[in-house]
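Below: the structure, in structure tokens.
Quantities reported herein were computed from a predicted structural model and do not represent experimental measurements.
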Amino acid sequence: MERIRRSPHFADGVFRNPEGPPPADREEPRPAPTGSRTELAKTFFTKEARERRRPAAAVPLHPTTAEDLARPPATGLRVTWMGHSSVLAEIDGGRVLFDPVWGRRCSPFTFAGPKRLHPVPLPVASLGRVDVVVISHDHYDHLDLPTIRALASTDALFAVPLGVGAHLERWGVSESRIRELDWTESTQVGELRLTATPARHFCGRGLRNRQHTLWASWVAEGPSGHRVFHSGDTGYFPGFREIGAAHGPFDATMIQVGAYSEHWPDIHMTPAEGMRAHLDLQGTASAGVMLPIHWATFSLAPHPWDEPGEGTVEAAARMGARAALPRPGEPFEPTSDEVPTTPWWRAVASRRGEGRPDGSPTTADPRSAGTSTSGPDAAEAAPTSS
């Protein structure tokens, strides 16, 4: 609490988001919400809308994740998306696990709340050595109690934003294994350097503790100069350029592109905004791969489940950027020539004859599917949260 009170980002009893409006030349205007929340909630829960928020068949998982991870990456850098925002990054021999969520539901309850659209690619115990677990914030779809308890029995350290360590201590992680950081602070784990960087979001696992813990994006750098960025959850903001200038360019960025809506535009990015953030982080560098995260695993917003993937493909083509499109559990090396680029979700995207033979999105505007009183309010802060 002493460190929290001293933080320049903490005032009047709560943490504050970065200041400053988005650039005037942003790629995507923010439409104003239309209609009442009650009407939009009805739209959210219609049968047709529900059908579009889940795949028509089993999500194709990568079949040989464990075997692939048993071999060291040829380039020294390998990234494996496990679904949602969970990513294993192998950097110059160090192994970083970002936002691990292996639970069936991202919810305070075992019987209710958003549940998985696909199984985890492999059990936590099959991941092999994990040197450090990095948490972006304390929402249920990023900080998962069963997963943390499983990792607490390992030798992994935990790097978390200010205040989040209290959760871990209650769940059995010793204080000596927790590194709590404010924005711009760094910690060394072996030869890896981790830095907490700003994000535009919020926190809370209950109605009474909102804004009492910090949220962050993260930079991880190895001794050879390999660098990756994990956005956590965030709205688009000008600070991405500052992060890129201080720490970039990056071999890979892992960027949140799902669970967006016109009703919460400042805390989650659309795919177009996510790609803009990726380019901001890279500065003038044209290299570097963007991995879309925070999609395809839990349905947390009104948009179709596959729309973030399609939006990422479109934004990458329009902005001249590189996007990696791995199946859950599919390792890839960002600096190699073999980055996965096949839109795997198209084979399981359609329902009841609503197929996309050309692979095009279901809505012209990714925010046009409406919203509901669930969304981040019900998906990210208990008792109506994830």
Side-chain angles (χ1 to χ4, degrees), residues 41 44-45 47 49-51 53-55 57-59 61 65 81-88 97-127 130 133-154 156 158 160 163-173 178 201-210 212-213 215 232-233 256 258-259 264 268 293-302 305 328-329 372-386:
F44 188 94
F45 290 109
K47 184 175 182 180
R50 289 200 309 271
E51 292 281 317
R53 290 199 301 275
R54 61 181 186 268
V59 169
L61 304 181
T65 306
W81 178 53
M82 300 294 179
H84 202 55
S85 297
S86 302
V87 182
L88 177 66
L97 185 58
F98 291 96
D99 283 357
V101 175
W102 260 246
R104 182 170 176 265
R105 294 183 186 272
C106 54
S107 168
F109 311 109
T110 59
F111 56 87
K115 62 182 178 181
R116 286 186 165 273
L117 301 178
H118 64 81
V120 292
L122 77 170
V124 172
S126 299
L127 285 174
V130 174
V133 177
V134 175
I135 303 298
S136 64
H137 62 297
D138 69 0
H139 286 155
Y140 284 85
D141 59 323
H142 297 260
L143 180 63
D144 181 55
L145 169 58
T147 308
I148 296 300
R149 282 184 167 160
L151 290 164
S153 64
T154 71
F158 292 79
V160 302
V164 175
H167 294 302
L168 306 187
E169 287 187 58
R170 283 196 299 273
W171 300 343
V173 180
I178 300 172
H201 199 56
F202 69 108
C203 69
R205 294 172 75 85
L207 295 178
R208 293 180 296 176
N209 69 341
R210 295 218 178 171
H212 293 172
T213 65
W215 49 95
D233 277 2
Q256 171 265 309
W264 49 85
H268 282 174
I293 61 172
H294 202 265
W295 76 288
T297 303
F298 299 104
S299 183
L300 304 177
W305 79 280
S372 83
T373 52
S374 49
D377 290 337
E380 295 190 322
T384 52
S385 74
S386 69

How close do G172 and A152 get, counting heavy atoms only, and between which atoms? O-CB, 4.2 Å
Hey, does the side chain of H294 reach the backbone of S85 with a donor-acceptor pair shorter than 3.5 angstrom? no
H212, H167, R205 screened by side chain to side chain donor-acceptor pair (under 3.5 Å) with D138, the one that passes: H167
Nearest 0.5 Å please: distance from the CE atom of M82 over to the CG atom of L97. 7.5 Å
Starting at OH of Y140, measure out to OG of S107 and round the result to the nearest 0.5 Å. 7.5 Å
Can you tell me if Q256 uses its side chain to pair, donor with acceptor, with the backbone of G258 under 3.5 Å? yes
Exam field: side chain T65 to backbone P121, donor-acceptor pair closer than 3.5 Å: no
Closest non-hydrogen atom pair, W102 against L122: NE1-O, 2.8 Å
Hey, could you give me the SG/CG distance between C106 and L300, rounded to the nearest 0.5 Å? 5.0 Å
With side chains defined as the heavy atoms from C-beta onward, is the minimum distance between C203 and W215 less than 4.5 Å? yes
Quick check: do T297 and P328 have side-chain heavy atoms less than 4.5 Å from each other? no
Verify whether the ring centers belonging to F202 and H139 lie closer than 6.0 Å. yes
Would you confirm whether D233, through its side chain, and H201, through its main-chain N or O, come within 3.5 Å as a donor-acceptor pair? no
First locate atom OG of S136, then atom CD1 of I293, and finally report the distance between them rounded to the nearest 0.5 Å. 8.0 Å
Could you give me the CA-CA distance, side-chain angles and deciding distance for I178 and V164, then say whether side chain to side chain contact (heavy atoms under 4.5 Å, CB included) is met? CA-CA 9 Å; I178 300 172; V164 175; over 6 Å; no
With a 4.5 Å cut-off on side-chain heavy atoms, are I148 and I135 touching? yes
Has W295 got a side-chain atom pairing as donor or acceptor with F298's backbone, closer than 3.5 angstrom? no
Heavy-atom closest pair, residues L61 and P119: CD1-O, 3.7 Å
Are any of the side-chain heavy atoms of L143 and L168 separated by less than 4.5 Å? yes
All N/O donor-acceptor pairs, side-chain side in residues 109-117, below 3.5 Å, sequence neighbours left out:
from: R116; atom 1: NE; to: G103; atom 2: O; distance (Å): 2.9
from: R116; atom 1: NH2; to: V101; atom 2: O; distance (Å): 2.5

Donor-acceptor pair, H268 side chain versus A259 backbone, under 3.5 Å? yes
So do T154 and V133 actually touch side chain to side chain, heavy atoms under 4.5 Å? no
